Amino acid sequence: MAEEAKTQEEKPQDKRPLVSRVPVKDKEMLDLLLADRGVTYYEEMKKFPVDTEAFKKTLDASCKSRIRTWLKICAHCGMCADTCFFYLANDRDPKQVPSYKIQSTLGEIVKRNGDVDTDFMINCMDTAWGKCTCCNRCGMYCPHGIDMGVMFGYTRGLCFSQGFVPHEMKIGSGMHWIFNAQMDVTVEDYVETCEWMVEENEEYYPGLTIPVDKVGADIMYVVNAREPKHYPQDLAVAAILFHLAGESWTVPSKGWEGTSLAMFAGDWACCKQQVENVYAAMERLKVKRYVGTECGHQHRATITEGPYWAGRKSGDPPVPGLHYVEWVLEALETGKLKLDPAKKIKEPCTLQDPCNYVRNHGLTDVTRKIMSYIAEDFREMSPNREHNFCCGGGGGMNGIGRYRKERNIGLKVKRDQILATGTKFVVSACHNCWDAIRDLEEVYKIGIKWSFLKPILLEMVIVPDHLKPKEEEEGANE
Amino acid sequence: MYEFLSGPMVWIAFIIFIAGSLYRIIYMLQGAKKDKIVFPHMSFKHSVASLIHWMIPFNSRYMRQRPIFTIISFAFHICLVFTPIFLLAHIVLFDESWNISWWHIPDEVADWMAIVVIAGGIFYLLRRLTDPVVNNVTDASDYLLLTITVLPFITGFIAYHQWFDNRTMIILHMIAGEIMLIAIPFTRLSHMLFFVFTRAYYGSESGYIRRSKDW
């Protein structure tokens, strides 16, 4: 023990510094950061200097007319205050007003042209990640259309370039650099998981496959690394539903991951390389369409913002990109998937509108139409659709330990919205929202259940006769 | 003094206002061209939709949520812009110099419009002083800009009613008006110039890229 303690004491001098202005691109560094759990990392950060020369250059190159105009014309009217769920959840704290948050961080950086110090940057970091989820709700309510969510996205990039980034976000972008995924799941791991899920389920769904790298399929299905890593059953259910719908589909080996913690981290270069992987898979497999899993930020990263990161002039991905909910609705409307109306959810239920594909990609009616297929008593939250509040865990917030307290306070707004519906069941087709609602229940214990769409659909779907296992028919005779 | 302020200084103020405004707008547009996501995001249809929704009172959700603020803001801004342009006393000056004139607001109405601007200014001042949210985003420049904005109306109102020494009041009124014209392009008052552009951009980004309403 004593010896161990001694070697640990000696180690820091030989250790590579954990805080740096460059992304994590090697496994050794990634492991060091993972092992540290943020303790030494944030201590180091307190002494980490700001490279003001480099900062000026970054600003010159990246801070363009749009953001400068926004910062200049903000009339300081404070109208954005109650558009922000953090402001509401923190008892209307003036320090949580979006315009204050941005003026005191990015506004100052631009005003001083990058001549800021370490404490200032740590405050910027704590504001950009700990007081904003980049839900973009404030922008909708600003008379001038000043989007503070977009500006905080940009501020995150500036913070990242100077090394002031939350521990988990640094790791997140590192994962993308090393594994092309937000978690340490390799292509081999992924393909194996696919095979495993087929093995587990083909007995019940004869002919079930997860076709990997099938060239010319109609649909390329792309997941969130959490699914193969923590909930492989989700992948299995996706496969079962595609199978039952008779879709021609495939999953790519390389390019299988559609999420982008790099986007939350503000690592712009990594965003580009991450999304280019997915686009390369679309082109390599010559698929007709892309369908992403039940994840909000994956849709934003790959379909809405990705084309710009990848420098695609059209602003579109190489093939049309659908969110999972769009595919579900199409399958229900065309009759590819048939649900048993008797199995509709009987109890009152509500729906979470994820910012990233509702406010940021207009999929408002799609989810409501799906609800009409699956729920007998669907009740809206208020406000809803593009006016809905962030779940409280968006923008990477769920994953950052340093802001857990702030996150839990922020969850109060969603808690009260859910309580006001009088329902005990929340449907959420987004990983981040799902997590936030789960944690909300854990913290506030309001007695709710929550679910993705896939498990609900699997419960209700009618299996066509020719796809039923023989055993089941025998069982039915008994 | 009077001659200078009502002659060359008017020219100077207008030239700075117009040239400064053009400079700011052109500079902004040039910069926006270099920003690879501004122009590709623009859409005429969504720009117009956004402008319509935000220029007509109670046509956006937020305006309906704050009816009093909406009424005051619209009244303040409408009176602020239209009173000086359609004031008979101003038009007469143009008529005398250049022999051009246009429709004018009846003086009694203009008088009330000036009161609306002054009252709106007081409302904004009190709001900045008493509402902790607004107070927290306020700095000295906000008070200065509010003064620059309202002063031409206070002095104009007094001059019209011929209180105090009328000539002095008119001189003060001209100084105040000229300061305001010069300030517009170079301060946050430039939101007057940029409103159409930022609104059009946000409307386009919302409607065209994010496929969402922004009202």
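In what follows, chains carry the letters A, B, and so on, assigned in the order in which the sequence lines appear, proteins first and then strands, with residues in each chain numbered from 1. These numbers were taken from a predicted model, which means no experiment stands behind them.
Neither the backbone nor the side chain of A:Lys313 comes within less than 4.5 Å of any heavy atom in chain B. For a residue to count as touching a neighbouring chain, one of its non-hydrogen atoms must lie under 4.5 Å from one of that chain's; by this rule B:Phe195 touches chain A with backbone and side chain alike. Contact annotation for B:Tyr201: only side-chain heavy atoms (C-beta onward) come within less than 4.5 Å of a heavy atom of chain A. Heavy-atom distances place both the backbone and the side chain of A:Asn136 under 4.5 Å from chain B.
Interface with chain B: from residues 80-90 of chain A, residues A:Cys80, A:Ala81, A:Asp82, A:Thr83, A:Tyr87 qualify, criterion being any non-hydrogen pair under 4.5 Å. Listed in order of number, the residues of residues 141-151 of chain A that approach chain B to under 4.5 Å between heavy atoms are A:Tyr141, A:Cys142, A:Pro143, A:His144, A:Gly145, A:Asp147, A:Val150.
At most 12 non-hydrogen atoms from other residues, nucleotides or ligands lie less than 6.0 angstrom from CE of B:Met55.
Ring centers of B:Trp215 and B:Tyr62: at least 6.0 Å apart, outside the cut-off.
Legend: residues meeting side-chain contact (heavy atoms from CB on, under 4.5 Å) with B:Asn59, ordered by chain and number and at least two apart, are B:Ile52, B:His53, B:Ile56.
A perpendicular orientation is assigned to the rings of A:His323 and A:His299, their planes being inclined by more than 60° (bins at 30° and 60°).
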Compile the donor-acceptor pairs under 3.5 Å between side chains in residues 11-39 of chain B and protein atoms, sequence neighbours left out, one pair per line.
from: B:Ser21; atom 1: OG; to: B:Phe17; atom 2: O; distance (Å): 2.5
from: B:Arg24; atom 1: NH1; to: B:Pro185; atom 2: O; distance (Å): 2.6

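Note that the OH atom of B:Tyr160 and the CG atom of B:Asp107 stand 4.0 Å from one another [nearest 0.5 Å].
Looking only at distances, a side-chain donor or acceptor of B:Asp142 sits under 3.5 Å from a matching main-chain atom of B:Asp139. At distances below 3.5 Å, not a single donor-acceptor pair connects side-chain atoms of B:Arg188 with backbone N or O atoms of A:Ile73.
If you tally non-hydrogen atom pairs under 4.5 Å between each of B:Glu205, B:Met192, B:His41 and chain A, the highest count goes to B:His41.
Side-chain contact between A:Tyr279 and A:Pro307 is present, with at least one heavy-atom pair separated by less than 4.5 Å.
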